[in-house]
Amino acid sequence: MSTDNTAASEHGADAETTQVPPPPPGDEPKLAWSVDDYADEAPANWHGRLIWAGLGVLVVAITAALVLLVSTLLGRHTTNTARPQPVPSPPATTTLAAAPPPASVAPLPPPAPTAASASPYTSLVGKWTGHERGLTVSPDGAIELVIPDEPACPACAAFQMPSATIHIGLTGYNGNLDGTPDGSGKFFGYVKDSSDTRVVPVAVPVEVDVMNASDYSYLGGPPGFIPAGRVLTVSINGDHVGSRSEGHVLGDQVPFCDAAAARKSVCGA
């Protein structure tokens with residue numbers, strides 16, 4: 001292609017281009033987000049945001065209050081559950097254990113009596129015997145006397161008579177200033193009771209004398225005879241001599257013997 005044709009073609013192309021006249025100055029289109037429109041809408045949007053923000057704060061406050069209330073209730077429930085509840089204790093039952101049997105302990109020998117602690121009736125304590133008669137003296141001065149009851153059977157021999165039992169209580173003795181017997185062997189008391197007051201009445205005075213058999217004046221024997229042991233006489237209501245005919249079978253003529261004198265038949269067969 002020639003230069004002329006090219007120029008003509010370019011000229012023709014330019015000639016076919018449509019020219020758009022510029023718009024008038026007053027008719028320029030406005031943008032949708034222009035500054036004026038934003039300025040008109042800004043107050044309305046800010047007011048809505050304030051409303052939503054207030055609602056959000058209110059919702060948050062209500063939620064926090066609910067959470068606090070639920071936490072408090074759960075805390076109280078947990079405390080009540082964790083706190084140990086008092087359990088009623090069963091009634092106490094007292095059981096008395098049976099006392100164990102006392103251990104077997106060998107008894108200790110009693111201490112040797114002293115002059116202050118010994119019974120003043122020590123020289124009399126024990127059993128004394130006579131012909132169909134018996135007498136027992138306790139450390140406290142109590143005497144049990146058993147003799148034939150002649151009024152119950154006057155026609156009977158002594159060994160056939162029933163027995164009368166008399167209880168005597170000693171209350172004094174001939175003593176020293178320190179309260180011990182003076183060695184005279186004289187003791188005094190009274191009749192406490194009698195199974196037959198015809199033989200021995202009640203409440204009458206009694207004297208009991210103890211001595212060596214060798215010093216007993218009513219005993220006889222061959223020259224040089226010295227009876228063994230000791231004898232004891234009982235005088236009731238002043239009857240110191242006594243007589244078999246009176247039926248009392250007491251007095252100085254019918255004493256009681258200790259074991260040593262009884263073996264020698266000092267107080268009867």
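The first residue in the sequence is number 1, and the count goes up from there.
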Assigning hydrophobic clusters by single linkage (Ile, Leu, Val, Met, Phe, Trp, Tyr; side-chain heavy-atom cutoff under 4.5 Å), is Leu170 placed with Ile147? yes
Same hydrophobic cluster for Val204 and Val234, using side-chain heavy-atom links shorter than 4.5 Å among ILVMFWY? yes
Determine whether [X] and [Y] make a side-chain contact, defined as any pair of heavy atoms from C-beta on separated by less than 4.5 Å.
X: Pro181; Y: Asn174; answer: no
X: Thr129; Y: Phe256; answer: no
X: Ile168; Y: Ile166; answer: yes
X: His167; Y: Val191; answer: no
X: Ile143; Y: Thr136; answer: no
X: Lys264; Y: Pro227; answer: no
X: Val206; Y: Ser235; answer: no

Residues passing the side-chain hydrogen bond (donor to acceptor under 3.5 Å, both in side chains) test with Asn176, sequence neighbours excluded, are Thr180
Apart from Ile62 itself, members of its ILVMFWY cluster (side-chain separation under 4.5 Å) are Leu58, Leu66
Residues at least two apart in sequence or cross-chain that pass salt bridge (charged side-chain N to carboxylate O under 4.0 Å, His left out) with Asp149, listed by chain then number, are none
Of all residues at least two apart in sequence or in a different chain, which pass the salt bridge (charged side-chain N to carboxylate O under 4.0 Å, His left out) check with Lys127? none
Looking at Ser138 and Asp140, would you say the former's side chain and the latter's main chain have a donor-acceptor pair under 3.5 Å? no
Check: Arg263 side chain, Asp258 main-chain N or O, donor-acceptor pair, under 3.5 Å: no
Sequence neighbours left out, what passes side-chain contact (heavy atoms from CB on, under 4.5 Å) with [X]? Give chain and number order.
X: Ala158; answer: Glu132
X: Ala157; answer: Phe159, Gln160
X: Thr171; answer: Tyr190
X: Ser123; answer: Phe187, Val210, Arg230

Quick one: pull up CZ in Arg133 and SG in Cys257 and give me the separation to the nearest 0.5 Å. 8.5 Å
What distance separates Cys267 SG from Leu135 CG, expressed to the nearest 0.5 Å? 11.0 Å
Can you give me the closest heavy-atom contact between [X] and [Y], atom names plus distance?
X: Pro151; Y: Pro154; value: O-CD, 3.7 Å
X: Val200; Y: Ser194; value: O-OG, 2.8 Å
X: Ala260; Y: Gly229; value: CB-CA, 3.8 Å
X: Ile226; Y: Ser214; value: CG2-CB, 3.9 Å

Applying disulfide bond (SG atoms under 2.5 Å apart), which residue pairs with at least one partner in residues 177-206 are found, sequence neighbours left out? none
So the salt bridge (Lys or Arg N to Asp or Glu O under 4.0 Å) pairs with at least one residue in residues 181-197 (sequence neighbours excluded) are Lys186-Glu207, Lys186-Asp209, Asp196-Arg198
Taking it one step at a time, do Leu232 and Val208 satisfy side-chain contact (heavy atoms from CB on, under 4.5 Å)? CA-CA 7 Å; Leu232 179 149; Val208 176; 3.7 Å; yes
